Novice: 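Below is a structure I'd like to ask you about.
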Amino acid sequence: MKHPRTFSTLRLGVAAGVLATAALMASVAVKPATPALTAPAAPIDNGGAVYVGEAVCIACHATPNKQFTHTQHAEIFRQNPKNELQQRSCEACHGPGSNHLKDPTNPANRSSLVGFTREWGTPVEKQNSMCLQCHTGGPAMFWAGSTHATNQLGCSDCHNPMAKISETGLLKKPTINETCSTCHQQQRAEFAKRSHMPLPEGKVSCADCHNPHGSTTRALIKADSVNELCINCHTEKRGPFLWEHAPVRDNCLNCHNAHGSNHDKLLNVARPFSCQQCHGNGGHQTPLFNAGQLLGAGGAPNVRVLGRSCQECHTQVHGSNHPAGARLQR
Amino acid sequence: MNSILPGTPRSPGAESRRNWSRVLGLAALALVAVPAHADPAVGIIAPLANGMSPGADRARPLDVEWPAPKHTPTGQLFKIPFAVPDIRKAASGWDYSGQLEFGLIGGDADEQAARFRTYEDIDNGAFLNNFSLHLRRPKSGYTVDISGGGAGRNDQYYGLQIGRVNQWKVKLYYSETPHLFTNRYKSLWSGIGTSQLTLLPGLTPGGTASTATDNVDVATIAGQNVQTIRLIRKRSGVRVDMDLTKTWKGYVSYALENRQGARPFAAVWGNNPGTAPMEIAEPVDYDTHDILAGLLHSAGLNAFNLRFSASLFRNQISTLTFQEPYRIVPPAGITTVPATGAYTEGRYDLAPSNNAYNVRAEYTRAMPDFYKGYITAVVSAGSWRQDDSLIPYSTTPISLANVTLLPGGSWDSVTALSRRKTDAVVDTRLADLTLSLNPTSNLNVKGKARFYETDNDTDPFLSVNPNAVYADADPAAAGNQTRGLTLDGVTGVWGRPLNDGSGQSILFGTNTNLAGNIPLKSDIYSSKQHKYGTTADYRLTKTSSVNAAVDRETTRRTNREREKTWDDRAKLGYVNRGLGISTLRVSYEAGRRRGDEYMPTSYDDSFSSALASVPSTPGANVATWVRMNSGFRSYDLADRNQYIINARVDTMLRPDLGVGVSGQRRKAEYPNSRYGRTGDSLRSVNLDLSYQPNARRSAYAFYAYQLGRFGQANIASANGALQIGGTTALGVVTPENAVAIGSSPGGPIYPLINEWTAASRDRNHVVGAGLKQDFGKVSLNVDYSFSMGRTRIDYTYTVGGAINAANATRAGTRMPDLATDTSYLDASLRIPLTDRLSARLVYRYQKEAIRDWHFENVDQTPIVPGANAGALPTALLLDGGPDDYRVNWYGVMLHIKL
């Protein structure tokens with residue numbers, strides 16, 4: 001039985017075309033001076049301040065500038081700015097600095113400049129709006145309303161634009177994984193389990209699966225579904241197969257924990273108990289497999305508790321393309 | 001001539017022409033599938049690092065001039081940056097910096113235990129650990145970045161990026177990831193990693209007349225050929241990013257990923273439950289071509305992304321043929337040619353080559369004049385296609401009782417198939433719409449609607465031999481019949497030989513009795529999800545807010561026990577960043593899944609029950625028409641009540657000392673699941689300490705605890721008869737009530753005395769600590785972690801029910817614990833020798849102890865004995881499983897600044 005189609009590929013294609021056309025028309029119609037998406041209606045002026053130029057900033061902040069010089073931001077601002085904002089350099093992010101100069105060391109004057117540390121006290125929304133002047137659209141298309149935005153994360157909770165600590169992305173830690181695990185310690189612990197994605201070994205990053213800047217899919221997954229994400233790497237399991245295994249087609253997480261597990265193959269539960277949580281059919285699927293069936297336990301060893309367990313016979317558990325593979329055995 | 005130097009304006013016309021030529025050029029590149037690499041928001045990042053990278057990173061000196069460390073908005077310490085690199089200036093106008101680290105490793109780094117080398121490739125000997133070179137030409141903005149590491153090892157990586165700042169960049173990369181599955185595989189075959197596994201000399205394909213002799217031969221050969229089973233994932237790619245105009249960007253990328261090697265696999269013979277399954281190795285020789293192309297636009301009120309992706313998977317080994325070393329006797333009703341010893345080999349159809357395509361468009365428009373709102377729309381369409389040629393049902397020529405083969409009907413020929421090609425297509429479609437409004441300055445509300453569909457357009461595969469007829473299809477009719485049975489317009493003999501002809505699942509195959517459980521056609525799984533919801537985010541103060549969300553997701557599935565389920569979810573969250581030195585984030589989420597009627601009989605159309613209704617003959621055993629214990633629920637479809645609590649506090653105890661505490665409590669119950677998964681839960685507590693007074697000293701510590709539980713219940717099938725006219729505890733069996741009685745708990749097939757339950761409890765502790773301390777010019781770095789995992793599985797049952805009295809003594813009440821203890825210590829002492837040369841003394845200690853009852857005594861007893869000396873073994877478990885290791889290695893690295 002098939003469901004009638006609600007959205008045909010053609011309709012979706014037309015919809016994509018309409019979106020593209022709308023974007024093109026909007027881009028033609030838009031005036032260059034129009035404020036950026038989600039940026040405040042008026043540029044942040046730090047209480048009526050005016051721009052003073054980066055040389056003035058560097059005169060006092062020479063040490064930070066030594067680090068900043070090696071960042072991508074500095075290279076953009078100083079070597080190839082594309083617009084007036086980028087030419088502002090320091091003040092592109094911190095806002096115009098003249099009021100700051102009036103009393104630069106007075107904590108009471110901190111509202112005269114946008115700061116990105118907890119100590120400085122600039123509201124997170126205001127901090128983020130400075131970043132969003134440039135970083136709109138693209139991978140940050142869904143930032144607003146994302147889990148991270150809802151939890152009031154500042155961009156600088158993950159990024160440090162003042163120093164090149166990471167090779168890319170101006171992260172606050174040397175790697176994506178270290179950055180994410182400063183908050184996601186539970187996930188870090190999962191990667192320390194017996195079977196895990198090769199994240200501690202540096203071969204996978206959190207951003208391989210998640211877009212921390214937002215997504216239309218839960219858990220900030222950067223695909224339309226869990227399965228569409230997993231098969232990006234596990235392409236041999238994509239099929240579609242002649243004989244499919246329903247929960248596999250539905251969601252890889254039915255059986256696996258994507259981060260790590262105490263069990264082989266990142267399984268949620270040890271085999272055969274894992275399989276028996278769905279397979280209550282008669283015959284060999286329903287017995288209570290037990291410790292007495294282990295090798296050397298004194299009873300009759302049972303292959304369903306040994307080695308690869310159910311997959312000793314049902315090897316093609318992700319789907320079979322063999323005409324005789326209805327039971328996923330070939 | 002138009003200058004491209006910053007600050008020099010171009011004529012608008014020239015700019016426009018140049019921009020559009022870039023757009024067209026990029027589109028042309030995409031059309032000819034020019035290589036690319038993944039976007040941060042899509043595809044695979046392929047980080048350029050390996051297991052040695054963290055140690056090298058942490059040994060880098062920090063910037064001693066950096067002011068006192070500050071905190072992120074949440075209150076976590078910002079890391080003090082690394083020391084400013086030494087920049088050298090060349091006469092050509094290029095600035096450059098770089099470094100190189102190489103050295104010698106000695107000790108136990110050549111340990112071969114699979115668990116030590118699963119994703120790493122460390123060895124004794126000379127070693128180029130890492131290198132990097134960065135070139136900048138400030139005047140023109142051109143950049144070159146080169147990096148690499150692990151040279152010559154199977155976890156090596158290299159990257160090259162060239163570009164012009166803020167204009168374009170080209171990135172090329174190559175990275176290898178080893179995946180070592182086992183180093184205790186006792187191979188009986190040559191040709192591991194190829195399409196043909198040939199028994200080693202000393203073994204006889206098809207076995208000898210004596211199983212005892214075969215056992216001796218197998219044991220001898222197995223003991224002589226212990227091998228490592230692994231594969232290596234090699235990913236290389238190129239990505240081009242370009243600013244097309246001030247508001248449009250584009251990218252194209254191509255990546256080729258090759259996976260080569262083998263992985264553990266197994267093969268079974270005969271009927272269910274199978275005969276002498278033996279562990280073989282599946283060859284892996286995969287190529288995946290990933291192509292991405294996209295346009296990004298952002299200007300004023302609008303943002304737009306358009307992306308096309310293609311993933312082309314090619315399996316260079318489409319089948320695996322393996323020889324088998326035992327004499328397998330054909331089951332009743334099957335004859336082979338030759339009559340004995342015919343089963344010499346079997347064949348797998350391996351993962352089929354396939355293609356996947358996706359096009360996705362995302363659009364956002366801000367509406368500052370309409371409640372400061374915005375609207376976001378996403379449409380996405382994809383297609384997964386696979387059209388591999390099919391292989392025959394059987395490798396062995398066989399004949400079946402009651403079946404007459406017509407020309408072209410030989411089971412070992414593709415002419416016996418209902419079709420020759422897979423012709424499988426799954427289409428995916430997504431439409432997602434969000435409207436966000438800010439009715440007041442403190443309130444944001446959003447409405448969301450989402451549709452996602454997985455539409456499997458594949459025609460069901462019919463398990464039939466159209467070129468065969470039944471010798472006697474209808475036992476009630478006199479004499480042989482010379483026609484097959486018709487289903488879905490196809491006539492033939494239904495069912496299929498199993499496992500290369502050593503078994504069969506044929507309607508009327510070995511006798512003329514009907515059966516209701518023979519698969520006749522494949523199930524096609526499609527699903528549609530509609531999700532609607534709303535969220536509200538209200539700012540209580542400048543530093544605190546409360547948020548709420550409710551949504552319903554309705555899923556319709558084909559060919560599942562439940563056609564429709566709906567998940568309701570409500571979430572409440574609170575964030576306070578103004579609690580003095582702390583930030584609090586807490587949320588509570590409640591979920592409830594319900595659905596329409598649960599139908600265990602939903603698969604009936606795919607079984608022989610579709611051709612043959614329940615027999616009415618008194619005394620007929622109709623147990624095979626019973627599909628499932630009717631009290632059983634698949635947990636992915638079952639009613640479920642769930643809640644999740646998340647909490648996190650970050651506190652700045654001192655300006656140089658931060659602590660983070662987080663926890664999660666998750667619990668799910670399945671109120672209507674008398675059997676199946678009955679519940680699952682997770683408790684997690686995490687503690688982090690970070691101490692960073694200055695660039696010369698820092699330390700950290702963490703601890704994490706997790707307790708996960710899964711509960712399940714089942715009834716061991718009595719495998720008894722369900723006879724028409726028979727009397728059961730639930731009444732007299734008739735054709736009309738047979739399935740209901742047979743599937744009911746308490747009936748003859750699922751007697752309540754056979755009930756059992758199991759409770760799996762995963763308990764994990766992870767503790768870690770690290771220190772960085774400078775002693776004058778010498779600096780010490782130490783990182784330590786210990787991870788302990790325990791899984792305890794308890795079960796309950798009635799003695800004499802699920803387990804008889806004799807076995808209950810051995811079974812006890814639980815499985816042995818699954819246990820993994822892993823220790824890791826990495827220490828290095830960095831000693832500057834000159835301004836540009838330093839030495840790093842490295843010590844690594846790794847230890848793991850692992851206990852897994854799946855492999856208990858397996859390495860010592862790979863031939864699991866059968867019921868008696870003459871019987872085939874229960875299994876050939878040739879993979880000895882994971883093993884403990886303890887490794888100490890030492891290294892001397894020289895670090896050179898270029």
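Per chain, numbering begins at 1; letters A, B, ... match sequence-line order. Keep in mind that what you see is a predicted model, and the values were worked out from it rather than measured.
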Novice: Check whether any side-chain heavy atom of A:Q152 lies under 4.5 Å from a side-chain heavy atom of B:S545, and answer yes or no.
Specialist: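 A side-chain contact exists here, since the closest heavy-atom pair is under 4.5 Å.
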
Novice: Would you check, one step at a time, whether the test side chain to side chain donor-acceptor pair (under 3.5 Å) holds for B:T874 with A:N302?
Specialist: CA-CA 7 Å; B:T874 298; A:N302 192 316; over 6 Å; no

Novice: Can you tell me if A:R238 uses its side chain to pair, donor with acceptor, with the backbone of B:W384 under 3.5 Å?
Specialist: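 Side chain of A:R238 to backbone of B:W384, a donor-acceptor pair under 3.5 Å: no, none is there.
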
Novice: Is the shortest heavy-atom distance from the side chain of B:T428 to the side chain of A:E228 under 4.5 Å?
Specialist: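 In short, these two side chains touch, coming nearer than 4.5 Å.
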
Novice: So, the side chain of B:Y286 versus the backbone of A:T235: is there a donor-acceptor pair under 3.5 Å, distance only?
Specialist: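 Absent.
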
Novice: Tell me, for B:N305 versus chain A, whether the close heavy atoms (under 4.5 Å) come from the side chain, the backbone, both or neither.
Specialist: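 Backbone plus side chain of B:N305, per the 4.5 Å heavy-atom cut-off to chain A.
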
Novice: Write down the atom of B:Y119, the atom of A:E201, and the distance for their closest heavy-atom approach.
Specialist: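 For B:Y119 versus A:E201, the nearest heavy atoms are CB-CG, 3.6 Å.
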
Novice: Are any of the side-chain heavy atoms of B:K79 and A:P174 separated by less than 4.5 Å?
Specialist: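 Side-chain contact under 4.5 Å: yes.
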
Novice: Relative to each other, are the rings of A:W243 and B:F461 parallel, tilted or perpendicular (30° and 60° limits)?
Specialist: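 Taking B:F461 first and then A:W243, their aromatic rings stand perpendicular (interplane angle over 60°).
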
Novice: How far does CG of A:D224 sit from CG of B:D432, to the nearest 0.5 angstrom?
Specialist: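 One finds 9.0 Å between CG of A:D224 and CG of B:D432.
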
Novice: Check for a donor-acceptor pair, side chain of B:Q706 on one end and backbone N or O of A:Q186 on the other, with a separation under 3.5 Å.
Specialist: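 Here the side-chain-to-backbone pair exists.
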
Novice: Given heavy-atom pairs under 4.5 angstrom as the criterion, report whether the side chain, backbone, both or neither of B:I391 touches chain A.
Specialist: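 Both backbone and side chain of B:I391 come within 4.5 Å of chain A.
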
Novice: Using non-hydrogen atoms and a 4.5 Å limit, figure out which bit of A:H263 sits close to chain B: side chain, backbone, both or neither.
Specialist: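 Just the side chain, heavy atoms under 4.5 Å.
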
Novice: Under 4.0 Å between a Lys/Arg side-chain N and an Asp/Glu carboxylate O for A:K66 and B:E65?
Specialist: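 Yes, this pair counts.
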
Novice: Within the 4.5 Å heavy-atom criterion, are B:P85 and A:H70 side-chain neighbours or not?
Specialist: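 B:P85 vs A:H70: side chains touch.
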
Novice: Taking the side chain as C-beta and beyond, is there a heavy-atom pair between A:K193 and B:N764 under 4.5 Å?
Specialist: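 SC-SC contact between A:K193 and B:N764 confirmed.
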
Novice: Sub-3.5 Å donor-acceptor pair from the side chain of A:R118 to the main-chain atoms of B:T74, do we have one?
Specialist: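 The answer is yes, because a donor-acceptor pair under 3.5 Å joins these two groups.
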
Novice: Main chain of A:T217, side chain of B:Y452: is a donor-acceptor contact present, judged purely on distance under 3.5 Å?
Specialist: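 No, B:Y452 side chain to A:T217 backbone: no donor-acceptor pair under 3.5 Å.
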
Novice: Does any heavy atom of chain B fall under 4.5 Å from the side chain of A:N268, the backbone, both, or neither of them?
Specialist: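 A:N268 touches chain B through backbone and side-chain heavy atoms alike.
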
Novice: Using the side chain to side chain contact (heavy atoms under 4.5 Å, CB included) definition, which of the options A:T150, A:N151, A:V124 pairs with B:V575?
Specialist: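 It is A:N151, the one option of A:T150, A:N151, A:V124 that forms the side chain to side chain contact (heavy atoms under 4.5 Å, CB included) with B:V575.
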
Novice: Where is the tightest heavy-atom contact between B:F82 and A:K164, given as atom of each residue plus distance?
Specialist: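 B:F82 and A:K164 have their closest heavy atoms at CD1-O, 4.5 Å.
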
Novice: Do A:D208 and B:P47 have side chains that approach each other closer than 4.5 Å (heavy atoms only, starting at C-beta)?
Specialist: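 Touching, per the 4.5 Å side-chain cut-off.
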
Novice: Under the criterion salt bridge (charged side-chain N to carboxylate O under 4.0 Å, His left out), I'd like the reasoning laid out for A:R188 against B:D688: C-alpha separation, chi angles, the key distance, then a yes or no.
Specialist: CA-CA 11 Å; A:R188 179 182 60 193; B:D688 261 35; 2.7 Å; yes

Novice: Does any donor atom in the side chain of A:K82 or B:Q167 lie under 3.5 Å from an acceptor atom in the other side chain?
Specialist: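 Distance-only check fails for A:K82 and B:Q167.
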
Novice: Which bit of B:P497 is near chain A, if near means a heavy-atom gap under 4.5 Å: side chain, backbone, both or neither?
Specialist: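 For B:P497, the backbone is the part near chain A, not the side chain.
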
Novice: Between B:D63 and A:Q67, is any pair of side-chain heavy atoms under 4.5 Å apart?
Specialist: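 A side-chain contact exists here, since the closest heavy-atom pair is under 4.5 Å.
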
